[in-house]
Every structure is written in C-alpha cells, then in structure tokens.
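Have a look at the structure below before the remarks.
Not measured: the values here are computed from a predicted model. For ligands, and for the atoms within them, numbers begin at 1 and follow the listed sequence.
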Amino acid sequence: MDLPVTAVGVDPAIDLTPRRVLVTGGAGFIGSHVVARLMLMGSQVRVLDNFSTGRLENLADAVCGGLTDADVVSGDIRTPEGVEVIHQWQPDVVVHLAAQANAPVGRRSPLYDADVNVFGTANVLDACARSGVRLVVNAAGSAIFGSVPAHDLPVREDHPIAPVDPYGISKAAGVHYLDWYGRQHGLSYTSMVFGNVYGSRQEGGDYGVVSLMVDALLGGRQAVIYDDGTQTRDFIHVSDVAEAVAVACHHSGVGMVNIGSGQRTSINDVYDTVREASGVDNTARYEPLPWPGEVRNMALDTRKARELLGWRPKLGFTEGVRMTVRDARRWQAGSRILSPVRALDQALTH
Ligand SMILES: Nc1nc2c(ncn2[C@@H]2O[C@H](COP(=O)(O)OP(=O)(O)O[C@H]3O[C@H](CO)[C@@H](O)[C@H](O)[C@@H]3O)[C@@H](O)[C@H]2O)c(=O)[nH]1
C-alpha cells in the first residue's frame with residue numbers, strides 16, 4: 001500500500017516560531033533527547049509519559065534547561081484521562097513517541113503491542129484532531145517496510161508498506177491512521193520513519209543491538225551476535241534523531257519522511273566498532289536467531305529529509321558509538337543523577 005510522500009494538510013499560515021509542544025513518551029530514550037533539544041530551541045514543552053519504560057532521570061538535561069514538575073504529566077495514552085492534557089493544555093504541536101518500542105516484546109505479546117501502538121496512537125490522534133492541534137510529529141520505524149529487495153535499498157518513502165512482525169504492523173497502523181486523520185480532519189503531520197536509533201539512555205533489555213553490545217562489553221560479559229552477523233541495519237544516533245524531530249516541529253507537515261544514515265552497517269561491523277570504542281577486546285558468541293523471518297537488510301533513503309526539512313545526520317557511526325560508550329561509562333559512574341531530578345521525582349510522587 002502506498003502513502004503520499006508530499007506535504008500533507010499544509011496550513012500556509014502556519015507559525016514557524018517556537019511553540020507549545022507536548023511530547024508523549026517524553027521521558028523515554030528518544031523522547032528525553034527530543035525534549036531537551038526543543039527546550040534549547042525555545043519551545044514551551046510538556047511531557048506525557050506513563051513511566052512504564054520512561055525514567056525521570058532521563059529528563060536531567062531538560063530539568064537543567066528549565067523543565068519543572070508542572071511540565072511533566074503522568075498518564076497513559078490508552079485512557080481518556082491520559083490524553084486529557086491535549087484538550088486542557090492545547091499544544092500547537094504533539095510529538096508522539098510513546099510506544100511499545102521493543103520488537104521482541106511485540107512478537108511475544110502482539111495484543112499488548114497493538115493496545116499501545118494502535119489503540120494508544122489512535123487515542124492520541126483523535127484528541128489532537130478534536131482540540132485543534134496544528135501539527136503531529138509521529139515516530140514510525142523502518143520495520144514498517146518489512147523485507148525490502150536489495151535493488152530497492154536504500155528504501156524510499158513511497159515503497160510499499162509491508163511489515164513482517166507485530167511491531168512493524170502496529171507502527172504501520174499509526175502511519176495509516178495519521179494519513180486518515182490528515183485527509184479527514186486536516187491534521188497536518190510528519191511521520192518519521194526512523195532507522196535503528198542508538199545512543200545514551202537506550203535500555204531495551206533484549207533489543208537495540210548497539211546498547212546491548214556496549215552494556216555487555218563494559219559489564220565484562222560476552223556479547224551475542226545472532227545468526228552470522230552479516231545482516232545489516234541503518235543506524236542513526238539519537239542526537240541526530242532529536243534534531244530531526246525538533247526541526248520538524250518548526251516546519252509544516254511533510255508526510256512520511258525517512259530519518260536515517262542511508263548506510264547499511266552489518267552487525268559484525270557494529271561489534272567491531274563497539275569493541276574499538278570501548279577498548280575491550282573480547283570475542284562475541286554467535287547464536288542462532290531466536291525468531292524466524294527477520295528482516296535481512298535495511299537502509300533508508302534520506303533525500304526527502306534533506307530536501308524538505310533541510311536535515312542531514314551530523315554524526316558518523318564510529319563517532320556516535322564512541323559517544324555512546326562515553327555516556328554509558330558516565331552513567332555507570334552515576335554522574336547523571338542530578339539533584340533537580342530528585343526534586344522533580346519528589347514533587348511527582350508526593
Ligand atoms: N536484539 C538483539 N539483536 C541482535 C543481537 N545480536 C545481533 N542482533 C541483530 O541485530 C540486528 C538489530 O537488532 P535490534 O537492534 O534489536 O533492532 P531491529 O530488530 O533491527 O529493530 C527493529 O526494532 C526496533 C525496536 O525493537 C526498532 O527501533 C527498529 O526501527 C526496528 O524496527 C538484528 O538483525 C538482530 O538479529 C542481540 O544480542 N540482540
């Protein structure tokens with residue numbers, strides 16, 4: 001099924017100055033970087049998170065940048081009360097990042113995955129359409145494309161959407177809902193198709209291969225490589241992703257847009273890069289893939305992001321992995337637990 005790749009529901013009078021932005025999933029891995037970046041750009045930001053995987057500590061940078069306890073709303077996107085903040089606060093822009101973001105969990109619990117990513121997303125979009133939100137910036141992932149033939153890589157936004165697992169299916173549903181709300185209710189949107197995002201604060205447990213490998217090597221454990229490690233992904237550092245989202249918030253909706261490096265990096269190369277960056281020389285253990293039918297190769301064509309948003313990635317993979325290792329070492333040393341976050345924590349829990 002093809003979706004439009006041109007600008008959708010563009011309001012010519014849209015105000016591109018800093019504005020009120022609600023970030024769902026704002027205390028999560030990507031969300032917390034987005035919140036900090038938006039605040040730096042002068043936006044008024046509120047976070048909506050149910051803290052299932054989000055953490056208050058992730059908001060340390062944002063708290064230092066002026067985020068207060070009144071700006072953090074604890075709520076679940078699957079409930080009417082959870083999205084009430086959209087009606088009450090009336091944001092101009094909603095960045096929707098709250099999600100079940102773990103592909104292996106999607107395989108184990110497809111109903112839970114659908115509840116959060118399909119129903120939760122529809123609930124957020126419906127509230128946006130009813131309360132006059134001007135722009136929605138949504139997070140999809142390259143999983144929506146499924147297995148793309150080699151001759152179509154790097155894949156363009158107008159490639160057929162054909163996910164092969166529940167996480168890809170639920171993320172694709174979000175894209176389709178946005179398209180419908182755009183056409184039916186004039187909701188302007190940018191639906192970002194992220195590559196494999198990596199960087200500090202990623203805590204997947206069983207996904208996010210860069211973080212898994214960094215954690216293994218820094219923790220003195222042997223890293224695991226599934227299959228033969230020649231499968232490839234498009235890795236993109238979270239700081240580049242945060243910038244892309246922030247830029248999109250100050251731009252009219254462009255529809256679907258790929259946000260990646262455009263490069264195919266093999267899992268074996270990921271491991272070598274992490275090994276070099278960490279200085280830990282350990283051999284990885286190869287194991288059979290625990291799930292069948294995984295996507296073999298992926299890379300995203302990012303020309304549209306360059307042309308319409310003026311965005312391009314700034315960090316190369318080697319540099320990004322070095323930063324991730326450095327941040328993980330700092331995290332281990334506990335230097336990110338800042339006192340303003342403790343104050344925020346107390347304000348929320350008392
Ligand atoms: N999870 C995992 N993957 C490993 C490991 N060793 C190698 N891999 C391989 O590394 C690749 C990347 O795996 P992940 O980083 O877990 O991500 P993904 O499955 O490609 O990513 C999809 O799901 C993510 C969320 O779970 C999405 O963020 C991403 O966009 C994409 O849709 C896969 O080929 C996987 O088999 C390991 O120990 N654990």
If you measure only the distance, is there a donor-acceptor pair under 3.5 Å linking the side chains of Asn258 and Thr302?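 No, Thr302 and Asn258 have no side-chain donor paired with an acceptor closer than 3.5 Å.
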
Distance dump, ligand 1 polar atoms to protein, N/O, under 3.5 Å:
from	atom 1	to	atom 2	distance (Å)
ligand 1	1 (N)	Asp206	O	2.9
ligand 1	6 (N)	Val224	O	3.1
ligand 1	6 (N)	Tyr226	N	3.2
ligand 1	15 (O)	Gly208	N	3.3
ligand 1	15 (O)	Val209	N	2.8
ligand 1	16 (O)	Gly208	N	3.1
ligand 1	17 (O)	Asn196	ND2	3.1
ligand 1	20 (O)	Asn196	ND2	3.0
ligand 1	20 (O)	Arg233	NE	2.6
ligand 1	21 (O)	Asn196	ND2	3.4
ligand 1	26 (O)	Ala101	O	3.2
ligand 1	26 (O)	Ala103	N	2.8
ligand 1	34 (O)	Gln231	NE2	3.4
ligand 1	34 (O)	Arg233	NH2	3.3
ligand 1	34 (O)	Glu294	OE1	2.6
ligand 1	36 (O)	Glu294	OE1	3.1
ligand 1	36 (O)	Glu294	OE2	2.8
ligand 1	38 (O)	Val224	O	3.4

With respect to Arg46, which candidate in Asp69, Asp71, Asp92 satisfies the salt bridge (Lys or Arg N to Asp or Glu O under 4.0 Å) definition?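 That would be Asp71.
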
Output field: ring centroids Tyr286/Tyr226 closer than 6.0 Å: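 Ring-ring flag for Tyr286/Tyr226: false, centres at least 6.0 Å apart.
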
Holding to salt bridge (charged side-chain N to carboxylate O under 4.0 Å, His left out), I want the full list of residues that pass it with Asp301, two or more places apart in sequence or in another chain.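 By the salt bridge (charged side-chain N to carboxylate O under 4.0 Å, His left out) rule, Asp301 matches Arg303.
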
Is it true that Arg296 and Glu294 make a salt bridge, defined as a side-chain N closer than 4.0 Å to a carboxylate O?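 Answer for the salt bridge query: no.
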
Rounded distance [0.5 Å steps], SG in Cys128 versus OH in Tyr181: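 Cys128 atom SG to Tyr181 atom OH measures 9.5 Å (nearest 0.5 Å).
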
